[in-house]
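All of these numbers come straight from a predicted model, not from anything done at the bench. Note on naming: letters A, B, ... go to the chains in the order of the sequence lines (proteins, then strands), and numbering restarts at 1 for each one.
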Amino acid sequence: MTDATATKPPGLWRRLTWFYAELLSWLLAITVGLLIIPVSLQIFSRYTELIPSYIWTEEMARFMFIWTIMIGAMIGVRESTHFEVDVWPQMGPRGEAVARLFGRLGVLMAGLVFVSAGIEFTRFAWKRTSELADLPLWYIHVAWPVTGFSWLAFLGEQVVADLKIIFGRA
Amino acid sequence: MTGSVLSPGMAALMLFGSFFLFMFMRVPVAFALALACLPILAIEPRLDTMNLMQETFNAYNSFILLAVPFFLLTANLMNVGGTTDRLLKLSRTMVGHFPGGLAQINVVLSIFFAGISGSSTADAASQSKIFIDAQTKEGYDLSFSVAITAVSAVLAVIIPPSILMIVWGGILTVSIGALFLAGIIPGLLIGLAQMATVHAYAKARGYPTYPRETWRALLCATWIAVPALMTPGIIIGGKIFGWFTATESACIAVLYAAVLSLFVYREMDLKGLYAALLDTGKLAGIALFCVGTASAFGWLLAYYKIPEAILTGVSAWGMGFAATGFFIAFVFLVVGCFLDAIPAIIICAPILEPLAKAVQMDPVHFAMIGIVSLAFGLVTPPYGLCLMISCAVARIRIRDAIKDTGIMLVPMLLVLALVIVWPRVSLLLPQLISPEFLK
């Protein structure tokens, strides 16, 4: 479902979210590609003398993996592709919009929790560093509030679009 | 209980009650699981929303789960790089002349695919695009085409390598190498059951068939597909002989698929690469985000010792070996209707493990019962990911494909029953090849 993305968006807000979604897509593709590097290094360092066996590869892979998941979850909200269970009978466009809206309110709640608790989660990690690579931990923890904010940003226009259908202005 | 405000029963009611309520309200499952945790986190003074953050973090901070994007990427690289096409041609020369030729090819390609990729969702996504349209054009019914594509996709997690086996092995510390070997025979049996189903359908409905290919054509197709066919050997062999860990074996699969796409079959361009990476990220993000919230949910269940409470009730029934096996399968089949397989393993496998131990079931046998049952859950509504994906590609609703899916599940369930009552179906290969893996 590409509710709001199919045509070039008119308003400033929609253009901003469109660019943001494009940026996230590129970041996602890049992080997926990068994931291969530390794991491959780990294998090759074990069987060849070409590179030393770095200790940080495993941690690096895990941290990049976390960002991959969170960016993927952000785009999932943008594209409404998080899987849902559909037990309702087939409805008209207005009924569908109401049903969608309920689902979006749930995501909205989760988004607010991820923002508020996520900020505390990030602060909690502010002065700590990772075990192996000595990376600041908040680099990772900050993914949670960022994910929450992104959901809220993407939800806004989707909710507006649903409301327009419900009130017959679409 | 040590100072909890809520009793286990009350907590279980709140957790499951709000989860089903949110799910019914069309909140995506991953979010419904997270929201279901919130009331308890608010009520219990020792817990707060930070636990939700921390538990999701702990779930994602896992080297084992990294295998998920790797296997998805392997599948995507195979598709854009021409590997799938070679295997498709090989399948055609092998079974194209059987009744219902194209549907038979659909199943056989899934078996090949399963030996390379460990992800059923990737299989369903790619084969839906290849087969559903092509089959309906040849006169197959649409619901049949959707159903056979979806049910054959579940082979990917039963035939090694398999994401589910890696996750199961990681959580319950079972040898992943043994699980890989254990999955081969049940997987092939289920594949055969599906081919028999297609045969029956084709005879009853007069589905078309292709002319028999020559032996020469078969040899040629095999020769061209040899590099691709070597992949399972590399991945599974590498794991069994301890050359690399499970996650590393998935990474090797990616590298090998990339080499095939770039240097051997040479069909991948930059645009294809970007599409493969992006598609992988999107699907992995959605699937794994749910694993995080399910872990938080499962953590709360454990916090209130709800699994133990359920277990004491069930243990009192005094079930024997086979009854326990069927009970385990039943639980996973039901849970699989509402949850994706990985979250289901995280929540249920540790709960059921003591039951299996009580009847001296081999951990590998227990794992195979769970994995096969959960694999079937990928096509059972309301939450059957493979069926959802195939229906989405075909643009039909799930209920339109349910009947054919149900019919196809019957012979598969018979194979599951065989796996339950006859442990050697799973344990034969691990016993032959690497008995040291079995306890």
For chain B, which of A:Gly33, A:Gly72, A:Ser25 has the most heavy-atom pairs under 4.5 Å?
A:Ser25
Check the surroundings of atom CZ in A:Phe149: do more than 12 heavy atoms from other residues, nucleotides or ligands lie under 6.0 Å from it?
no
Count the heavy-atom pairs under 4.5 Å between each of B:Thr247, B:Leu52, B:Leu73, B:Thr56 and chain A, then report the option with the highest count.
B:Thr56
Atom CE of B:Met268 with >12 non-hydrogen neighbours under 6.0 angstrom
yes
Region of B:Ile398 that comes under 4.5 Å of a non-hydrogen atom in chain A
neither
For atom CZ of A:Arg123, decide whether the heavy atoms of other residues, nucleotides or ligands shown that lie under 6.0 angstrom number more than 12.
no
If one checks every heavy atom of B:Val254 against chain A at 4.5 Å, the contacting part turns out to be side chain
For B:Leu385, is it the side chain, the backbone, both, or neither that has a heavy atom closer than 4.5 Å to a heavy atom of chain A?
side chain
Comparing B:Phe22, B:Phe70, B:Phe244, B:Phe57 against chain A, the one with the most heavy-atom pairs below 4.5 Å turns out to be B:Phe57
Less than 4.5 Å to any heavy atom of chain A: does that hold for the side chain of B:Ser62, its backbone, both, or neither?
backbone
Checking A:Phe124 against chain B: side chain, backbone, both or neither under 4.5 Å from a heavy atom?
side chain
Of the backbone (N, CA, C, O) and the side chain (C-beta and beyond), which part of B:Leu35 lies under 4.5 Å from a heavy atom of chain A, both, or neither?
side chain
Given B:Leu278, B:Asp279, B:Asp340, B:Asp48, the one with more heavy-atom pairs under 4.5 angstrom with chain A than any other is B:Leu278
Within this structure, what is the CZ-CD distance for the pair B:Phe31 and A:Glu84, rounded to the nearest 0.5 Å?
11.0 Å
Atom CH2 in A:Trp26, atom CG in B:Leu277: separation rounded to 0.5 Å?
9.5 Å
Within-4.5 Å side-chain heavy-atom neighbours: A:Phe65 and B:Phe63:
no
Chain B shares the most heavy-atom pairs under 4.5 Å, among A:Thr147, A:Leu35, A:Val77, A:Leu105, with A:Leu35
With side chains defined as the heavy atoms from C-beta onward, is the minimum distance between A:Thr68 and B:Pro69 less than 4.5 Å?
no
For chain A, which candidate among B:Trp243, B:Tyr274, B:Phe24 shows the most heavy-atom pairs at distances under 4.5 Å?
B:Tyr274
Which atom of A:Val39 lies closest to which atom of B:Cys251, heavy atoms considered:
CG1-CB, 3.6 Å
Looking at A:Glu96, is its backbone amide N or carbonyl O close enough to the side chain of B:Arg26 to form a donor-acceptor pair, meaning the two atoms are under 3.5 Å apart?
no
Quick check: closest heavy atoms across A:Leu28 and B:Gly281, and the distance to 0.1 Å?
CD2-C, 3.5 Å
Heavy-atom proximity to chain A below 4.5 Å, by part of B:Met388
side chain
Counting C-beta onward and ignoring hydrogens, is there a side-chain heavy-atom pair between A:Phe121 and B:Thr49 closer than 4.5 Å?
no
Answer whether the closest heavy-atom distance between the side chains of B:Met53 and A:Glu120 falls below 4.5 Å.
no
Is the B:Phe289 ring parallel, tilted or perpendicular to the A:Trp151 ring (thresholds 30°, 60°)?
perpendicular
Pick from A:Ser116, A:Gly76, A:Gly111, A:Ala73 with the largest number of heavy-atom pairs that fall under 4.5 Å of chain B:
A:Ala73
Could you have a look at A:Ile43, A:Ile140, A:Ile75, A:Thr31 and say which one has the most heavy-atom pairs with chain B under 4.5 angstrom?
A:Ile43
Among A:Met74, A:Met70, A:Arg62, which residue forms the greatest number of heavy-atom pairs with chain B at distances under 4.5 Å?
A:Arg62
Nearest 0.5 angstrom please: A:Ile69 CD1 to B:Ile286 CD1, how far?
12.5 Å
Sort out for me which of B:Met25, B:Met23, B:Lys282, B:Glu248 touches chain A most, counting heavy-atom pairs under 4.5 Å.
B:Glu248
Flag the one option from B:Leu273, B:Asn61, B:Leu288 with the top tally of heavy-atom pairs under 4.5 Å to chain A.
B:Asn61
Residue B:Leu255 versus chain A: region with a heavy atom under 4.5 Å:
side chain
